[in-house]
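Here the structure is laid out as structure tokens; the discussion comes afterwards.
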2 protein chains.
Amino acid sequence: MPKLGMQPIRSSALIEAVITEIGKSGTMDVTVSQIARRAGMSSALAHHYFGSKNSMFVAAMRHIMTKFHREVRQNLAGKTEAKERVETLICTSFSETNLQPDTTSAWLNFYVFAQKSGEVSRLLRVYHNRLESNLRHELRQLVPGKEAIVAEGIAAIIDGAYIRRVLRGKTDFLDNPENIALDYLHMSLKTYGRDTAH
Amino acid sequence: MPKLGMQPIRSSALIEAVITEIGKSGTMDVTVSQIARRAGMSSALAHHYFGSKNSMFVAAMRHIMTKFHREVRQNLAGKTEAKERVETLICTSFSETNLQPDTTSAWLNFYVFAQKSGEVSRLLRVYHNRLESNLRHELRQLVPGKEAIVAEGIAAIIDGAYIRRVLRGKTDFLDNPENIALDYLHMSLKTYGRDTAH
DNA sequence: CCTGTTTTATTGATTGATGAATCAATAAAG
DNA sequence: CTTTATTGATTCATCAATCAATAAAACAGG
């Protein structure tokens with residue numbers, strides 16, 4: 001019963017399955033068969049569409065990054081004030097979707113995978129650069145001369161919070177993780193900000 | 001030529017080799033043969049002493065953690081002032097040894113591995129709890145009521161900085177990474193500290 | 001509106017490589 | 001003659017990737 005035009009349906013089913021399986025197992029040693037089974041097809045078909053396990057991983061990563069990017073743009077829309085825009089960048093990083101266990105687990109695994117795959121490494125670099133350049137751009141007006149270090153700090157807190165989330169589960173996380181980053185931002189504004197007065 | 005008492009020598013050679021190999025490949029898919037070769041012995045002997053690849057990884061992790069713990073205790077010795085002690089905790093995390101590429105790479109990989117192995121997960125939790133409880137203990141006097149969130153922030157920055165270091169290499173890291181954490185500490189002291197003066 | 005050819009979808013079985021773990025054998029101390 | 005050290009060869013399992021085969025839709029011309 002081959003309905004035509006299955007390719008996009010199969011692809012996205014596989015991509016979802018990759019993320020779910022990585023999340024379930026916590027590692028990237030998941031077999032193509034596991035992924036294919038979860039996506040409701042044979043491993044041969046998975047290979048038929050993606051060619052290799054590697055490209056499934058890369059596609060999954062691209063998918064996560066694209067989703068994130070879309071979310072950022074959506075949340076930034078209409079916001080013009082620099083401080084508000086930085087806060088939006090922070091909060092989007094900690095949004096419901098991005099804190100989904102499967103997503104964070106996949107992130108962490110892609111970080112490791114980047115050391116193996118040049119393509120993933122490049123993707124990750126692009127993503128990092130974009131986030132930090134976004135941050136720096138807004139911070140330039142808020143904490144002139146200090147935008148680089150503050151941006152780096154915010155980015156580090158985001159990554160660190162992700163890790164801790166993956167490691168310990170959300171249970172014993174004291175506070176909403178975004179509050180740490182927001183706190184850091186507000187203290188930086190007070191300390192280095194051009195308008196220290198409220 | 002079996003000289004007796006080889007066990008400890010072989011063990012530590014293997015542990016070193018595990019860390020080096022993980023660092024070299026960036027992942028934990030290194031073979032026992034690779035590890036054994038680097039440690040100057042056959043893979044059979046490696047199995048003879050450790051039983052399984054898994055216990056080699058666990059032993060390597062224990063080794064890194066023990067070394068770190070020793071370094072912390074050493075650096076803290078004699079320091080009594082709370083602020084100084086927190087700064088020492090931060091700086092030790094970013095010491096020369098702990099920023100060695102192989103070490104950071106191994107760290108990151110163990111983070112991922114923790115999701116597979118209950119033992120590693122427990123080890124990591126112990127380590128994290130110890131660091132944060134140390135931080136909280138000192139911070140209690142410095143930023144009363146806020147020690148939990150500040151400790152969490154410092155810990156997150158440390159983890160985040162590690163990741164970024166692994167990902168990008170030390171080249172395009174703007175500043176010494178400890179400065180971000182130290183900055184965060186000092187701003188927290190100014191904002192929440194009991195002695196805002198000075 | 002048939003009929004054969006091409007394209008797309010799909011899978012069970014096979015191949016080939018890889019690598020963890022075990023074994024059998026050797027040898028030097030004690 | 002038992003214990004410790006050591007390895008080359010072997011076993012056994014796992015998987016990524018490919019193949020051969022099946023089937024159904026689309027399409028072609030008569």
Side-chain angles (χ1 to χ4, degrees), chain A residues 1-22 24-61 106 109-110 112-113 116-120, chain B residues 1-22 24-61 106 109-110 112-113 116-120:
Chain A
M1 59 286 272
K3 307 114 188 174
L4 287 215
M6 290 304 281
Q7 195 265 339
I9 296 156
R10 295 305 199 182
S11 287
S12 56
L14 280 169
I15 286 171
E16 286 297 323
V18 167
I19 295 165
T20 311
E21 282 299 317
I22 291 180
K24 273 244 170 328
S25 102
T27 346
M28 279 177 60
D29 3 326
V30 290
T31 68
V32 174
S33 302
Q34 280 168 41
I35 296 166
R37 190 171 327 122
R38 179 169 299 273
M41 71 194 83
S42 71
S43 72
L45 191 55
H47 273 103
H48 172 64
Y49 282 121
F50 274 96
S52 75
K53 191 181 177 178
N54 229 288
S55 17
M56 292 183 218
F57 284 143
V58 173
M61 171 136 193
N109 275 286
F110 289 143
V112 169
F113 191 49
K116 268 265 149 106
S117 153
E119 189 173 5
V120 171
Chain B
M1 56 290 271
K3 308 114 187 175
L4 288 213
M6 290 306 280
Q7 196 265 337
I9 295 156
R10 294 306 199 183
S11 287
S12 56
L14 280 168
I15 286 172
E16 286 297 325
V18 167
I19 295 165
T20 311
E21 281 299 318
I22 291 180
K24 273 245 172 326
S25 103
T27 345
M28 279 174 65
D29 7 327
V30 290
T31 68
V32 174
S33 301
Q34 279 168 41
I35 296 166
R37 190 171 326 123
R38 180 169 299 273
M41 72 194 82
S42 71
S43 71
L45 191 56
H47 273 103
H48 172 65
Y49 281 121
F50 275 97
S52 75
K53 191 181 176 179
N54 228 288
S55 16
M56 292 181 219
F57 284 143
V58 173
M61 171 135 193
N109 275 286
F110 289 143
V112 169
F113 192 49
K116 267 266 151 104
S117 152
E119 189 173 6
V120 171

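Just so it is clear, the model here is predicted, and its values are computed rather than measured.
- Straight-line distance from the CG atom of L4(A) to the C1' atom of dT6(C): 12 Å, rounded to whole Å.
- Atom CG in N54(B) sits about 11 Å away from atom C1' in dA20(C), given to the nearest Å.
- Contact annotation for F50(A): no contact, since no heavy-atom pair falls under 4.0 Å across all strands.
- For the pair V58(A) and M61(A), the minimum side-chain heavy-atom distance is 4.5 Å or more.
- Within the structure, a side-chain polar atom (N or O) of R10(B) is placed less than 4.0 Å from OP1 or OP2 of dT6(D).
- Closest approach to the T31(A) side chain among dC15(D), dA26(D), dA20(C) is made by dC15(D) (side chain taken as heavy atoms from C-beta onward).
- Rounded to whole angstrom, the span from the CD atom of Q7(B) across to the P atom of dA5(D) amounts to 7 Å.
- Between the side chain of S55(B) and the backbone N or O of F50(B) there is at least one donor-acceptor pair closer than 3.5 Å.
- Summarising the geometry, the separation between CE on M6(A) and C1' on dA9(C) is reported as 8 Å, rounded to the nearest angstrom.
- Minimum interatomic distance between S25(A) and V30(A) (heavy atoms only, all atoms of both residues): OG-CG1, 3.6 Å.
- Straight-line distance from the CE atom of M56(A) to the C1' atom of dC15(D): 12 Å, rounded to whole Å.
- Under the 4.5 Å side-chain criterion, counting only non-hydrogen atoms from C-beta, R38(B) is in contact with K24(B).
- A side-chain donor-acceptor contact under 3.5 Å links S117(A) to the backbone of E119(A).
- Counted within 6.0 Å of NZ on K116(A), heavy atoms from surrounding residues, nucleotides or ligands total more than 12; the atom is thus considered enclosed.
- When the side-chain nitrogen and oxygen atoms of Y49(B) are compared with OP1 and OP2 of dA5(D), one or more of them lie within a distance under 4.0 Å.
- Residue E21(A) contributes atom CD, which lies 16 Å from atom C1' of dA16(D) at whole-angstrom precision.
- Nucleotide dT18(D) holds its C1' atom 17 Å from the NZ atom of K53(A), rounded to whole Å.
- If you check residues 35-48 of chain A against DNA chain C, the residues with a heavy atom closer than 4.0 Å are M41(A), S42(A), A44(A), L45(A), H48(A), listed by number.
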Quick one, S12(A) with E16(A), criterion side-chain hydrogen bond (donor to acceptor under 3.5 Å, both in side chains). Give me CA distance, side-chain angles, the key distance, then yes/no. CA-CA 6 Å; S12(A) 56; E16(A) 286 297 323; over 6 Å; no
